[in-house]
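Residue numbers begin at 1 in each chain, while the letters A, B, ... track the order of the sequences.
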Number of protein chains: 4
Amino acid sequence: MDAAAHVLCTKGFAGTRLTDVAEHAQLQAPAIYYYFASREDLIEETVFRGVNDLRNHLKRALDALPPGTSPMDQILTAAEVHLRHGLELSDYARASIRNSSQIPERLRARHKKELTAYNRIWKRLMTAAAADGQIRDDVDPKLAQPLILGALNWSAEWWDPRRNSVDTLVANAQVFIRHSLSPAPKPVRRRAKGPVSG
Amino acid sequence: MDAAAHVLCTKGFAGTRLTDVAEHAQLQAPAIYYYFASREDLIEETVFRGVNDLRNHLKRALDALPPGTSPMDQILTAAEVHLRHGLELSDYARASIRNSSQIPERLRARHKKELTAYNRIWKRLMTAAAADGQIRDDVDPKLAQPLILGALNWSAEWWDPRRNSVDTLVANAQVFIRHSLSPAPKPVRRRAKGPVSG
Amino acid sequence: MDAAAHVLCTKGFAGTRLTDVAEHAQLQAPAIYYYFASREDLIEETVFRGVNDLRNHLKRALDALPPGTSPMDQILTAAEVHLRHGLELSDYARASIRNSSQIPERLRARHKKELTAYNRIWKRLMTAAAADGQIRDDVDPKLAQPLILGALNWSAEWWDPRRNSVDTLVANAQVFIRHSLSPAPKPVRRRAKGPVSG
Amino acid sequence: MDAAAHVLCTKGFAGTRLTDVAEHAQLQAPAIYYYFASREDLIEETVFRGVNDLRNHLKRALDALPPGTSPMDQILTAAEVHLRHGLELSDYARASIRNSSQIPERLRARHKKELTAYNRIWKRLMTAAAADGQIRDDVDPKLAQPLILGALNWSAEWWDPRRNSVDTLVANAQVFIRHSLSPAPKPVRRRAKGPVSG
DNA sequence: AATGAATGAGAGTTCATTCAT
DNA sequence: CATGAATGAACTCTCATTCAT
């Protein structure tokens with residue numbers, strides 16, 4: 001029944017009516033109360049599950065990478081997961097992310113915690129990448145991270161499956177991210193040639 | 001009275017109650033009807049003005065650039081305008097952008113048209129930059145553009161003035177964008193030339 | 001300003017909005033309060049004036065009849081006055097009559113009194129006619145009177161000046177009334193012929 | 001629930017508040033929306049049903065008359081039906097008739113059509129009576145018809161069951177109508193024949 | 001496990017009314 | 001004498017929620 005996440009994506013928090021949710025589930029509105037104590041419960045649950053699923057999905061994907069994968073490659077994998085999850089798999093993720101700021105504090109506790117946890121994963125990746133010299137030093141990883149996630153999140157607003165495949169979008173986003181972060185590739189090539197830089 | 005854009009930012013389209021708007025304007029709700037025919041009118045107007053202001057702001061900023069400014073620098077200027085306008089100046093812009101997808105079709109006509117016009121400006125800049133060889137060829141400008149705007153738009157969700165100044169954010173975003181787009185420096189020819197730049 | 005009677009005719013008591021009245025008088029609504037203390041006052045006044053005018057009109061018309069006019073002819077005159085006044089002259093009369101039953105008790109005192117007075121005139125005519133043998137004895141004058149007035153009052157609902165002149169309507173109504181009331185013209189002609197009836 | 005016709009009779013179109021209707025039905029106002037889409041729907045339906053019922057009632061009554069009943073007797077039957085239906089049976093009829101002119105065009109379509117149909121029946125009766133020589137030739141049946149219906153309709157405004165029984169009223173109205181329409185008895189031929197009758 | 005019927009709280013909206021100007 | 005601006009009361013209507021079934 002939780003496919004009521006769908007309505008949340010489209011109408012936003014306040015615009016989500018139980019009637020619509022029920023209709024989407026081919027049910028009558030009161031039937032929802034068999035499964036959830038209240039509208040708020042339903043939304044809280046949905047919104048929580050959004051980030052929760054996404055985080056689990058990301059964890060599994062990162063764990064599945066071969067050991068020794070570079071931080072930058074992990075970041076690019078994370079970006080792919082984030083995009084695909086949001087665009088292909090789950091209304092939940094979209095519901096969670098879009099309504100983040102509209103949901104009253106009261107319902108946000110779990111959601112927020114989960115979101116923090118999700119961001120922590122990204123932070124770890126960014127930090128690792130920075131430590132590894134894979135992030136240019138005129139970019140603050142703490143700011144780059146939300147910029148990246150913003151670019152990815154916003155895709156839900158404009159991406160049109162009839163214009164571009166997810167694959168294309170993922171590829172472009174990855175290039176986009178890699179170069180926005182990567183330092184100029186001086187060292188490797190230059191070192192062989194001569195003492196240009198220290 | 002239009003400072004009711006404020007409520008739109010916080011509560012979203014459906015969550016915007018006339019009572020709240022009125023209270024924010026130190027008025028009683030019915031007083032709104034002296035100026036607007038309906039709630040929908042008020043919102044339509046507000047949301048339209050959001051993009052409209054932003055577009056005018058951007059146009060002025062671009063016109064003020066010295067002739068011969070490179071497309072990439074124009075893009076970076078546009079990014080700065082977009083960020084500063086959304087974060088510092090105007091609830092309207094935020095109201096417009098955040099609620100884009102939640103507003104019923106009926107009210108979106110003008111808003112949509114204005115948004116398209118705004119995007120057209122960006123598109124022109126991107127195309128010029130591409131023609132100038134300032135965009136790497138493994139990035140599709142048509143996709144890069146919304147990724148960039150997404151990164152910028154999303155800032156409204158997370159940016160905390162107490163943590164980072166807008167200046168810092170702008171600087172970071174500009175570096176972020178410049179390198180996400182710029183083609184790799186060509187090492188062979190570059191050796192003799194000097195710093196990377198753009 | 002009292003041409004607000006017009007609105008009363010069309011929209012009824014509860015449907016009469018000060019805005020409409022004011023518009024009809026090429027004024028803004030608050031201007032009404034310069035002349036009347038409240039909406040109710042305006043309506044009360046209007047509705048009173050409706051019957052009052054009508055009654056005065058009728059009195060004058062009856063007084064103008066040559067002495068010795070038969071009760072029946074007086075009734076027919078009254079009918080003509082009633083029709084003409086309602087249809088040609090006065091929104092007031094129509095406003096008064098149509099809304100009689102919809103107006104809350106509180107506002108009806110004067111109106112009711114005036115209406116009673118008006119009916120009393122008719123009653124006097126009917127009684128006189130009955131005493132004069134000009135009303136058939138299988139008709140109760142107390143019931144015939146409101147039937148007649150009903151027929152006349154209702155004309156405001158259906159009469160279309162483009163179809164029938166008031167003159168035609170008046171003529172027909174008079175014939176209609178005369179014969180609905182008059183006894184069969186037996187006595188005069190029969191008495192001469194023989195002892196048919198006692 | 002439709003017993004909300006009651007309120008229409010008393011308060012008129014604009015004065016009919018859902019609260020009152022609901023109270024009369026021992027319900028809360030919003031409950032009305034379970035059965036009707038809007039106030040206007042409820043009123044439209046009610047007002048339509050008013051004439052519709054009346055027309056059906058009349059049709060049945062006329063069909064029940066023995067074949068060969070004279071047109072005049074049919075008219076008198078119709079008058080009885082009209083009176084009894086309006087006064088004894090149905091708030092609906094009264095609601096329909098009283099508010100005829102106050103209801104906005106938008107809601108009148110069906111009601112108007114039905115009313116025309118009802119009038120058509122009367123017209124048929126009047127025409128038949130005229131063709132049969134049962135209507136005096138100094139009365140235009142097209143004008144006599146609304147005069148009669150007016151007399152009957154108006155009864156709702158003044159009839160007081162405590163003063164006169166419906167039976168009395170019906171009897172009087174019938175005499176009233178019969179003679180208002182019937183041609184003068186032709187004295188010459190009549191002498192030999194007997195009572196007037198029709 | 002689900003629904004039809006109903007309700008109470010609260011939303012948008014209308015309107016008479018006020019008041020400074 | 002009249003209006004622009006604003007308000008409070010009241011109305012229609014929506015919606016989450018309940019409850020008997």
Euclidean distance, atom [atom1] of residue [X] to atom [atom2] of [N] [Å, nearest integer]:
{"X": "B:Phe13", "N": "E:dG12", "atom1": "CZ", "atom2": "C1'", "answer": "12 Å"}
{"X": "A:Phe36", "N": "F:dA16", "atom1": "CZ", "atom2": "C1'", "answer": "15 Å"}
{"X": "B:Gln28", "N": "F:dT7", "atom1": "CD", "atom2": "P", "answer": "5 Å"}
{"X": "D:Leu27", "N": "E:dG4", "atom1": "CG", "atom2": "C1'", "answer": "14 Å"}
{"X": "A:Ile43", "N": "F:dT17", "atom1": "CD1", "atom2": "P", "answer": "9 Å"}
{"X": "B:Asp41", "N": "E:dG12", "atom1": "CG", "atom2": "P", "answer": "14 Å"}
{"X": "C:Glu23", "N": "E:dA16", "atom1": "CD", "atom2": "P", "answer": "13 Å"}
{"X": "C:Ile32", "N": "E:dT17", "atom1": "CD1", "atom2": "C1'", "answer": "11 Å"}

Nucleotide forming a Watson-Crick or wobble pair with F:dT18, both distances under 3.5 Å: E:dA5
Can you tell me which nucleotide in [options] comes closest to the side chain of [X]?
{"X": "A:Tyr33", "options": "F:dA16, E:dG12, F:dC1", "result": "F:dA16"}
{"X": "D:Leu18", "options": "F:dC13, E:dT3, E:dG8", "result": "F:dC13"}
{"X": "B:Pro30", "options": "F:dA9, E:dT3, F:dA16", "result": "F:dA9"}

Residue whose nearest DNA chain F nucleotide is more 5′ - A:Arg17 or D:Arg17: D:Arg17
Closest-nucleotide 5' rank along DNA chain E - winner of C:Ser38 and D:Gln26: D:Gln26
Residue met sooner reading DNA chain E from 5', once D:Ala31 and C:Ala29 are mapped to nucleotides: D:Ala31
Side-chain (C:Arg98) to main-chain (C:Gly12) donor-acceptor, under 3.5 angstrom: no
Residue-phosphate contact under 4.0 Å: C:Thr19 side-chain N/O, E:dA16 OP1/OP2: yes
D:Tyr34 vs E:dT7: side-chain N/O to OP1/OP2 distance below 4.0 Å: no
Whether D:His6 and D:His24 hold their rings parallel, tilted or perpendicular, with breakpoints at 30° and 60°: parallel
Aromatic ring pairing B:Trp154/A:Trp154, orientation class (parallel under 30°, perpendicular over 60°, tilted between): perpendicular
B:Leu87 side, atom CG; B:Ser155 side, atom OG - distance, nearest 0.5 Å: 4.0 Å
B:Arg55 NZ/CZ over B:Tyr118 ring centroid, <6.0 Å and within 45° of normal: no
